[in-house]
Protein chains: 2
Amino acid sequence: MTKNDEFDLQDFLPYLLNQAAEASSLGFQSYYKAKYGMLQTEWRVVFHLGRYGEMTAKQICQRAQIHKTKISRAVSALEVKRFLTRTEDEKDRRQEALKLTETGTRAYRDLRQEASRFDQYLARDIPAADIDALKRCLRQISGLDAAKTQP
Amino acid sequence: MTKNDEFDLQDFLPYLLNQAAEASSLGFQSYYKAKYGMLQTEWRVVFHLGRYGEMTAKQICQRAQIHKTKISRAVSALEVKRFLTRTEDEKDRRQEALKLTETGTRAYRDLRQEASRFDQYLARDIPAADIDALKRCLRQISGLDAAKTQP
DNA sequence: CGTTGTTAGTTACAAAAGCAACTAATATTG
DNA sequence: CAATATTAGTTGCTTTTGTAACTAACAACG
């Protein structure tokens, strides 16, 4: 056996990432859950539509890297709650344009602001340089669909 | 509204953390799932027992910050698969000491090594200084049980 | 055109997570 | 020492996720 007897869970990136992700998600969840009864995927869909305007479900899937069934269910739920409307595309009737309603837009604006504040709160006593490094690393690790295979 | 119109999902820590956590977990899952048929919580329990020796379920809950029902189910599953044994405590018959079997220990050693390698792989082209900052940040963010409340 | 292949989105079913209520044992307190 | 409160761990039930199979529309190719 190689000499990694000292290797600890606290050093294992997937573990640390999960812990941090869970902690921070839990923290922000309270906003969209309590205020608008949304689930995480729903809030993300709202964010995408609010931030980038009208989109199809497929486009959100690609941008957010969320599976289409999750998106599908989130969209249905958001439609029921009147946060968005769907419009069938004239040229290609398979796809539908998703758009926030007035209510949806208001929720988006509110949540975006809460998100921004929460983000600053999370970073409150971490040096700015570290936060930069952190975000850079996270973006890189996220874009690793090739990671399923061996080094 | 404050001037944060440029605030993007890609800047939002909980989002980035989730994406990175998901990507990296998926990557490592293949090892313990394919080789030992374990779920994430099961692998974590194994890791704790292998790393820190005999423990009770409660102790694992606290160390790993995993809910007791999840641990309970993972322990049952691991017992069925003969990766660990339970021994009722003589002095306090509510709690039971969990201990890896021979098989469990072998699996632990193997997975620990895979984990160490996977960890290096994840960090493969990120500067060491950034990785340090990353891990420091993650540990700090994780320890924020107070984050549920407002800034 | 019609047959085959793709694509957007949905649905059905199975696995897993979350939560609350429960059991059994120990601690506390009057 | 009896009544009450706590603690370790489990179980049952509901919500959420993952996977695969499905529908409907379009594309391509003979």
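None of these values were measured; they are calculated from a predicted model. Labels below follow one simple rule: chain letters A, B, ... track the order of the sequence lines, proteins then strands, and each chain is numbered from 1. Reckoned from all heavy atoms, side chains included, excluding hydrogens, waters and symmetry mates.
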Heavy-atom side-chain contact between B:Leu13 and A:Ser24 under 4.5 Å: no
Stepwise side-chain contact (heavy atoms from CB on, under 4.5 Å) check, B:Asp125 with A:Gln140: CA-CA 9 Å; B:Asp125 36 34; A:Gln140 173 163 350; 2.7 Å; yes
Can you name the atoms? Protein N/O to nucleotides 13-17 of chain D N/O, anything below 3.5 Å, with the distance.
none

With B:Lys33 via side-chain contact (heavy atoms from CB on, under 4.5 Å) - residues at least two apart: B:Gln29
Set of side-chain hydrogen bond (donor to acceptor under 3.5 Å, both in side chains) partners for A:Lys35, sequence neighbours left out: A:Asp110, A:Glu114
Interface limits on DNA chain C, where chain A has a heavy atom under 4.0 Å of a nucleotide atom: C:dT6 to C:dA12
Nucleic acid contacts of residues 74-87 of chain B, taken as heavy-atom distances under 4.0 Å to DNA chain C: none
For DNA chain C, the residues among residues 55-63 of chain A that have a non-hydrogen atom under 4.0 Å from it: A:Thr56, A:Ala57, A:Lys58
Any residue meeting side-chain hydrogen bond (donor to acceptor under 3.5 Å, both in side chains) with A:Gln95, in chain and number order, not counting sequence neighbours: none
CG on A:Leu17 to OG on B:Ser142, rounded to 0.5 Å: 8.5 Å
Side-chain donor or acceptor of B:Asp119 paired with backbone N/O of B:Ala115 under 3.5 Å: no
Residue list, side-chain hydrogen bond (donor to acceptor under 3.5 Å, both in side chains) with B:Thr105, at least two apart or on another chain: none
Could you list the donor-acceptor pairs under 3.5 angstrom formed between side-chain atoms of residues 39-49 of chain B and any protein atom two or more places apart in sequence or on another chain?
| from | atom 1 | to | atom 2 | distance (Å) |
| --- | --- | --- | --- | --- |
| B:Gln40 | NE2 | B:Ser25 | OG | 3.4 |
| B:Glu42 | OE1 | B:Lys81 | NZ | 2.5 |
| B:Arg44 | NH1 | A:Gln19 | OE1 | 3.3 |

Sub-4.5 Å side-chain heavy-atom contact between A:Leu78 and A:Leu98: no
Aromatic ring pairing A:Tyr31/A:Phe28, orientation class (parallel under 30°, perpendicular over 60°, tilted between): tilted
Any residue meeting side-chain contact (heavy atoms from CB on, under 4.5 Å) with A:Asp11, in chain and number order, not counting sequence neighbours: A:Phe7, A:Asp8, B:Lys135, B:Arg139
Intermediate values then yes/no, side-chain contact (heavy atoms from CB on, under 4.5 Å), B:Arg106 and B:Glu102: CA-CA 6 Å; B:Arg106 270 198 301 276; B:Glu102 217 9 81; 3.6 Å; yes
For B:Glu79, side-chain hydrogen bond (donor to acceptor under 3.5 Å, both in side chains) partners two or more places apart: B:Arg86
Protein-nucleotide distance (B:Glu96, atom CD; D:dT7, atom P), rounded to Å: 18 Å
Return the polar atom pairs (N/O with N/O) between nucleotides 20-29 of chain D and the protein under 3.5 Å, or none.
| from | atom 1 | to | atom 2 | distance (Å) |
| --- | --- | --- | --- | --- |
| D:dC26 | OP1 | A:Arg93 | N | 2.8 |

Given DNA chain C, 5'-ward residue of the pair A:Gln95 and A:Glu22, judged by closest heavy atom: A:Gln95
Nucleotide D:dG18, atom P - distance to CD of A:Gln65 in whole Å: 14 Å
B:Met55/B:Arg63 under side-chain contact (heavy atoms from CB on, under 4.5 Å): CA gap, chis, key distance, verdict: CA-CA 11 Å; B:Met55 298 178 85; B:Arg63 267 190 186 274; 3.4 Å; yes
